[in-house]
There are 2 protein chains.
Amino acid sequence: METRWLDEGELAAWTAFLEASHRVFRAVEQQLKQDAGLSHPQYEILVKLAVAGGAGLRMTELAESLITSKSGLTYQVGQLEKRGLVTRDACLSDDRGVSAHLTEAGAVALREAAPGHVARVREALIDVLDRDRLAVLADALTEVAARLRDTGT
Amino acid sequence: METRWLDEGELAAWTAFLEASHRVFRAVEQQLKQDAGLSHPQYEILVKLAVAGGAGLRMTELAESLITSKSGLTYQVGQLEKRGLVTRDACLSDDRGVSAHLTEAGAVALREAAPGHVARVREALIDVLDRDRLAVLADALTEVAARLRDTGT
DNA sequence: AAGCAGTTGTTCAAATTCGAATGACTGGGT
DNA sequence: ACCCAGTCATTCGAATTTGAACAACTGCTT
């Protein structure tokens, strides 16, 4: 099959996507590490667990929602557990399972980290765009994510 | 200062950005590794060097355009050099400098890898969006990238 | 109730990433 | 000519990531 190369506009879109993603992640990562001593994956784990509430979350659910490998998650949760921000408990309904919970210290750490993180997210992405472009961006990327999610990617 | 939390739309945009980025990178990474035996960073190095042509590129220039650390680049270029896809030569005008060049084998590897890569990029991002949304996306992310570039991030 | 394919989470080794430290060199000012 | 702050690329160790292999368990089927 003949390759359909990217035209000028398409290439610009791809390039911008690459550069923006890298730079935004870098900016966020740096802020969190510096001000809260957390990596972005770690911060995301805390957020997901906070949202989940008392019930906690299974490791697999957590790994899927973070789009990371299971082994990577095991490692990161281990790190957070060492610091006392997270607990791992056996699952009642499924002996194979493990569910992670936010500790009180974890909730505190999240509360303290959140304002600086949100500020950086605004600075790097949200506040750069006007309402309309942001809406289109959200819509477009939601669809992109959804497609890949369904593909099993 | 009082924190300006993200409203519903803003949060949706940030979430979509996170998920889409992760999934797109993952998809691209997987395709390249599987079909061409290259990591995405490695592929990008080959592309930049191909564009640069005979003159090659300084390590620092390369690192900046790839948005990676210099030490990370040294490692990856080392890997490519081992495989004979890239050469490192002393810089004539600056004895500290090193410039990287694409070898004939590197050019071949790139030619062979490109079609599959482009196809995956289309599938994951470009072809998911209509012309208008793609244009807005490109425009928006170009600005996001530019801001962070200027900030030194 | 026994088998079995599939799921769950961890462990392991290998690959990659980063930042700090290093050694070499540049360029301009004195 | 000499110094000195700054740049260049690499090296090093530590942290992180990944996939494959593994052991334990589920729940369906027979």
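Atoms considered below: every heavy atom in the structure, side chains included; atoms not considered: hydrogens, waters and symmetry mates. Residue numbers begin at 1 in each chain, while the letters A, B, ... track the order of the sequences.
- In this structure, B/Leu129 and B/Leu137 have side chains that are in contact, with non-hydrogen atoms separated by less than 4.5 Å.
- Residue B/Ser39 is out of contact with every strand shown, counting any heavy-atom pair closer than 4.0 Å.
- Between B/Lys70 atom NZ and C/dA24 atom C1' there is a gap of 13 Å when expressed in whole angstrom units.
- The interatomic distance linking A/Lys82 (NZ) with D/dA14 (C1') rounds to 12 Å, in whole Å.
- For A/Arg96 against C/dT7, a side-chain N or O and a base N or O form a donor-acceptor pair under 3.5 Å.
- Nearest-nucleotide mapping onto DNA chain D: of A/Tyr75 and B/Glu61, the residue sitting toward the 5' end is B/Glu61.
- For A/Ser71, no side-chain nitrogen or oxygen approaches OP1 or OP2 of C/dC12 to under 4.0 Å.
- Listed candidates were C/dT17, C/dC18, D/dA9. Nearest to the side chain of B/Val98 is D/dA9.
- Here B/Arg4 pairs with A/Asp127 in a salt bridge; the nearest charged N to carboxylate O distance falls below 4.0 Å.
- A distance of 9.5 Å separates CG in A/Leu141 from CZ in B/Arg133, rounded to the nearest 0.5 Å.
- Taking a cutoff of 4.0 Å between a charged side-chain nitrogen and a carboxylate oxygen, B/Lys48 and B/Glu61 do not qualify as a salt bridge.
- For the pair A/Tyr43 OH and D/dT16 P, the computed distance is 18 Å after rounding to whole Å.
- Proximity note for A/Thr74 (side chain, C-beta onward) versus D/dA9, C/dT10, D/dT17: the nearest is C/dT10.
- Close to D/dT17, at under 4.0 Å from its OP1 or OP2, lies a side-chain N or O of A/Gln76.
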Evaluation steps, ring pair (Phe, Tyr, Trp, His ring centres under 6.0 Å), between B/Phe25 and A/His22: CA-CA 10 Å; B/Phe25 285 141; A/His22 279 131; 5.4 Å; yes
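- DNA chain D is contacted by both B/Arg58 and A/Gln42; B/Arg58 maps to the nucleotide lying nearer its 5′ end (nearest heavy atom per residue).
- Looking at A/Ser69, its side chain has no donor and acceptor atom pair within 3.5 Å of the base of D/dG19.
- Within 4.0 Å of B/Gly97, counting heavy atoms only, lie sugar-phosphate atoms of the nucleic acid but no base atom.
- The distance between atom CD1 of B/Ile45 and atom C1' of C/dT17, rounded to the nearest whole Å, is 13 Å.
- For A/Asp95, the side-chain atoms get nearest to D/dT26 when compared with the rest of D/dT16, D/dT26, C/dT10.
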